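First comes the structure, then the notes that go with it.
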Amino acid sequence: MTAFSASEVSRLREETPGCAHAAHFNHAGASLMPQIVIDATVGHLMREATIGGYEAADEADVRLEATYHSIATLINANRTELAVVENATRGWDMAFYAIPFAAGDRILTSASEYGSNVISFLQMAERGVSVEVIPTDEQGQVSVAHLANMLDDCVKVVAISHMPTNGGLIQPAAEIGNVVKGSGAIYILDACQTVGQMPIDVKAIGCDVLTATSQKYLRGPRGVGFLYVNESLIEQLTPPFLDNHAATWTARDTIEIRRDARRFENWESYVAGKLGMRAAIDYGLQLDLERIWATIDIQAGLLRARLSSIPGITVQDLGVNKGGIVTFTDERVGAVEIRNHLAANRINATTSSIFSTRFDMEARGLTKLVRTSVRYLTTDEEIERLIESVAAVTA
Ligand SMILES: Cc1ncc(COP(=O)(O)O)c(C=O)c1O
């Protein structure tokens with residue numbers, strides 16, 4: 001699939017006001033919204049201010065419903081399998097805490113699993129559930145062979161971060177799905193860093209649960225995300241909280257929980273954000289996820305090659321296939337100092353610490369990395385600016 005040409009990238013950058021202000025290498029934190037997304041979000045806030053919040057939601061009814069259609073198209077799901085929630089973590093929690101764990105159950109997870117997810121596992125460990133890290137292969141990705149050997153009737157959950165917060169590693173999600181299928185375990189894929197970056201097909205991957213957020217590679221507003229739960233699982237999962245959107249108070253002592261995945265939603269929500277996320281998804285779909293992915297692949301490869309040419313710098317991304325997150329360390333200068341130097345030069349990057357991915361970072365003797373992340377918007381010139389700046393601060 002063809003990457004975007006330089007002239008297409010220029011046009012896409014013109015559609016993105018933030019490109020004029022800084023060289024943005026923090027798309028994995030929050031990307032830059034295109035104008036069409038800003039208009040959808042701010043436009044709705046203005047309608048709320050003008051005619052009233054509930055009235056504006058009624059007016060936007062059809063567009064709000066269309067959000068589910070857009071997500072369904074994006075990940076090849078059914079509309080009934082989707083919940084729109086505050087962020088990826090909340091979506092993940094709503095599914096995870098609905099699972100009826102019992103002492104003796106096992107949770108198998110990736111070494112690079114996201115910190116919030118592991119916090120939830122460790123909370124379950126206090127109730128007698130064991131938390132086991134699937135060994136990695138030579139490339140640092142989940143060893144599917146080891147996973148196959150670990151599966152037994154006690155494995156309740158296999159939880160994988162598709163791309164971790166601390167590097168470009170892309171886990172072999174579909175191979176994992178293939179092995180987990182039929183084992184009785186629930187396969188939860190945290191796709192927070194991959195949705196919007198590459199084509200994602202929940203049916204092809206075979207995950208039971210998938211979570212994603214709006215503000216990262218989708219380029220939507222902050223404060224909104226979504227949860228997918230396979231239709232065969234929805235009614236087996238009772239959400240940890242219910243309200244009068246997720247359920248109905250049908251008689252004095254009875255309630256009826258919704259039968260679709262909106263049982264994981266709640267009534268009061270960020271309506272403008274939902275419309276903004278929908279606009280962001282439609283924008284991405286129209287650009288074509290294959291082309292987006294092809295462009296990111298080239299720019300991330302270029303950035304890794306250029307960083308590796310700086311003496312003292314080690315690129316820390318694991319995996320056979322790598323995506324848009326590029327992390328590195330320098331043997332003399334700390335990650336925070338490098339990030340601050342970049343910020344002073346109007347280059348947005350961030351750091352990723354052991355608190356987010358302790359299993360992996362401890363195993364590799366790392367505590368903090370500089371995290372950069374590219375998008376199809378990233379130009380060769382921006383990469384050169386970043387390289388000059390990193391070379392200067394580490395010289
Ligand atoms: C792998 C991964 N999962 C989950 C999250 C959390 O996403 P959110 O902030 O939308 O809850 C992040 C955020 O960095 C992440 O990198």
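Since the structure is predicted, the reported quantities are computational estimates derived from the model, not experimental observations.
For the atom pair Phe241 CZ and Arg90 CZ, the distance stands at 5.0 Å (nearest 0.5 Å). Distance check: Phe328 CZ to Leu369 CG gives 9.5 Å after rounding to the nearest 0.5 Å. Put simply, OG1 on Thr67 and CG on Leu82 are 10.5 Å apart, with the number rounded to the nearest 0.5 Å. Taking OG of Ser112 as the reference point, atom CD of Gln171 lies at 4.5 Å (rounded to 0.5 Å). The distance from atom CD1 of Ile310 to atom CG of Asp330, rounded to the nearest 0.5 Å, is 8.5 Å. Rounded to the nearest 0.5 angstrom, Tyr228 OH and Ile234 CD1 are separated by 8.5 Å.
A salt bridge between Arg258 and Asp260 is present, with a side-chain N of the basic residue lying under 4.0 Å from a carboxylate O of the acidic one. Salt-bridge formation is detected for the pair Asp152/Arg106: a Lys NZ or Arg NE/NH1/NH2 atom is positioned less than 4.0 Å from an Asp or Glu carboxylate oxygen. Between Arg291 and Glu8, at least one side-chain N (NZ, or NE/NH1/NH2) sits under 4.0 Å from a carboxylate O, which counts as a salt bridge.
The main-chain N or O of Gly184 is never found under 3.5 Å from a side-chain atom of Lys156 such that the two would form a donor-acceptor pair. Side chain of Ser70 to backbone of Ala66: a donor-acceptor contact under 3.5 angstrom is found. Side-chain N or O atoms of Thr248 include none that pairs as donor or acceptor with a backbone N or O of Thr250 at under 3.5 Å. Side-chain N or O atoms of Trp293 include none that pairs as donor or acceptor with a backbone N or O of Thr295 at under 3.5 Å. Judged by distance alone, with hydrogens and angles left aside, the side-chain atoms of Asp105 form a donor-acceptor pair with the main-chain N or O of Ala102 at under 3.5 Å. Counting only distance, with no hydrogens or angles, the side chain of Thr327 and the backbone of Val370 share no donor-acceptor pair below 3.5 Å. Proximity of a side-chain donor or acceptor of Arg263 to a complementary backbone N or O of Leu237 within less than 3.5 Å is detected. Judged purely by atom type and a 3.5 angstrom limit, Arg47 has no side-chain atom pairing as donor or acceptor with the backbone of Glu59. The closest donor-acceptor contact from the side chain of Lys322 to the backbone of Gly319 lies under 3.5 Å. Side chain of Ser10 to main chain of Ala6: a donor-acceptor pair is present (N/O by atom type, distance under 3.5 Å, no hydrogens or angles).
Side-chain atoms of Leu210 and Tyr187, non-hydrogen and from C-beta on, never get closer than 4.5 Å to each other. Contact of the Asp208 side chain with the Val202 side chain is not registered, since no non-hydrogen atoms from C-beta on lie closer than 4.5 Å. Counting heavy atoms from C-beta outward, Leu74 and Leu218 have side chains that approach closer than 4.5 Å. Here the side chains of Thr89 and Asp93 are in contact, with some heavy-atom distance below 4.5 Å. For the pair Ile134 and Thr109, the minimum side-chain heavy-atom distance is 4.5 Å or more. Using a 4.5 Å heavy-atom cutoff, the side chains of Thr238 and Ile257 are in contact. Annotation: side chain of Thr16 is not in contact with side chain of Met33 (no heavy-atom distance under 4.5 Å). Using a 4.5 Å heavy-atom threshold, the side chains of Val180 and Leu147 count as touching.
Side-chain atoms of Ser7 and Ser5 form a donor-acceptor pair, as typed in the model, at a separation below 3.5 Å. Side chains of Tyr114 and Gln193: a donor-acceptor N/O pair is absent below 3.5 angstrom, by distance only. Side-chain atoms of Glu388 and Asn345 include no donor-acceptor pair closer than 3.5 Å. For the 3.5 Å distance criterion, the side chains of Asp39 and Gln35 qualify, holding a donor opposite an acceptor. When only modelled atom types and interatomic distance are considered, Thr357 and Asn166 share a side-chain donor-acceptor pair under 3.5 Å. Using modelled atom types and a 3.5 Å distance limit, the side chains of Arg219 and Ser214 yield no donor-acceptor pair. Side chain to side chain, Ser352 and Ser356 fail the donor-acceptor criterion of an N or O pair below 3.5 Å. Of the N and O atoms on the side chains of Glu231 and Thr80, not one donor lies less than 3.5 Å from an acceptor on the other residue.
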Criterion salt bridge (Lys or Arg N to Asp or Glu O under 4.0 Å) on Asp201 and Lys203, from CA distance to verdict: CA-CA 5 Å; Asp201 180 331; Lys203 303 282 185 302; over 6 Å; no
Apply side-chain hydrogen bond (donor to acceptor under 3.5 Å, both in side chains) to Gln215 and Asn87, showing your working. CA-CA 9 Å; Gln215 83 276 9; Asn87 51 60; over 6 Å; no
Apply the test side-chain contact (heavy atoms from CB on, under 4.5 Å) to residues Arg262 and Tyr68: give CA-CA distance (whole Å), side-chain angles for both, the deciding distance (0.1 Å), then the verdict. CA-CA 10 Å; Arg262 293 190 212 183; Tyr68 298 88; 3.5 Å; yes
Decide side-chain contact (heavy atoms from CB on, under 4.5 Å) for Ser161 and Asn117; before the verdict, give the C-alpha distance in whole Å, the side-chain angles of both, and the deciding distance to 0.1 Å. CA-CA 9 Å; Ser161 290; Asn117 306 350; 4.1 Å; yes
Salt bridge (Lys or Arg N to Asp or Glu O under 4.0 Å) between Glu15 and Arg11, worked out: CA-CA 6 Å; Glu15 292 172 7; Arg11 176 179 60 78; 2.9 Å; yes
Test log, rule side-chain hydrogen bond (donor to acceptor under 3.5 Å, both in side chains), inputs Gln197 and Thr194: CA-CA 5 Å; Gln197 181 168 178; Thr194 47; over 6 Å; no
Show the numbers, then the answer: is there a side-chain contact (heavy atoms from CB on, under 4.5 Å) between Phe4 and Leu287? CA-CA 9 Å; Phe4 295 123; Leu287 288 181; 4.0 Å; yes
Test Ser120 against Trp92 for side-chain contact (heavy atoms from CB on, under 4.5 Å), laying out the working first. CA-CA 10 Å; Ser120 305; Trp92 191 98; 3.7 Å; yes
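Each of Arg375, Arg13, Arg306, Arg346 was checked for a salt bridge (Lys or Arg N to Asp or Glu O under 4.0 Å) with Glu382, and the lone residue meeting it is Arg13.
Under a hydrophobic-cluster definition in which Ile, Leu, Val, Met, Phe, Trp and Tyr are linked whenever side-chain heavy atoms come within less than 4.5 Å, directly or via other members, Ile354 and Val336 are assigned to different clusters. In terms of hydrophobic clustering, with Ile, Leu, Val, Met, Phe, Trp and Tyr side chains grouped at heavy-atom distances under 4.5 Å, Val374 and Tyr283 are assigned to a common cluster. Following chains of ILVMFWY side-chain contacts shorter than 4.5 Å, one cannot reach Ile160 starting from Ile188, and the two form parts of different hydrophobic clusters. By the criterion of side-chain heavy atoms lying less than 4.5 angstrom apart, applied directly or through intervening Ile, Leu, Val, Met, Phe, Trp or Tyr residues, Ile296 is not grouped with Leu318; the two fall into different hydrophobic clusters. Both Ile99 and Leu233 are assigned to one and the same hydrophobic cluster, defined by single-linkage of ILVMFWY side chains at heavy-atom distances under 4.5 Å.
Closest of all the heavy-atom pairs between Pro164 and Leu169 is CD-O, 3.1 Å. In terms of heavy atoms, Val195 sits closest to Tyr217 at O-CB, 3.6 Å.
A distance below 6.0 Å separates the ring centres of Phe101 and Phe96.
Around atom NE2 of His245, more than 12 heavy atoms belonging to other residues, nucleotides or ligands sit under 6.0 Å away. When the shell of 6.0 Å around CD1 of Ile36 is examined, it contains 12 or fewer heavy atoms from other residues, nucleotides or ligands. Summarising the local packing, NZ of Lys181 is surrounded by 12 or fewer heavy atoms from other residues, nucleotides or ligands at distances under 6.0 Å. Residue Arg358 places its CZ atom among more than 12 non-hydrogen atoms of other residues, nucleotides or ligands, all under 6.0 Å distant.
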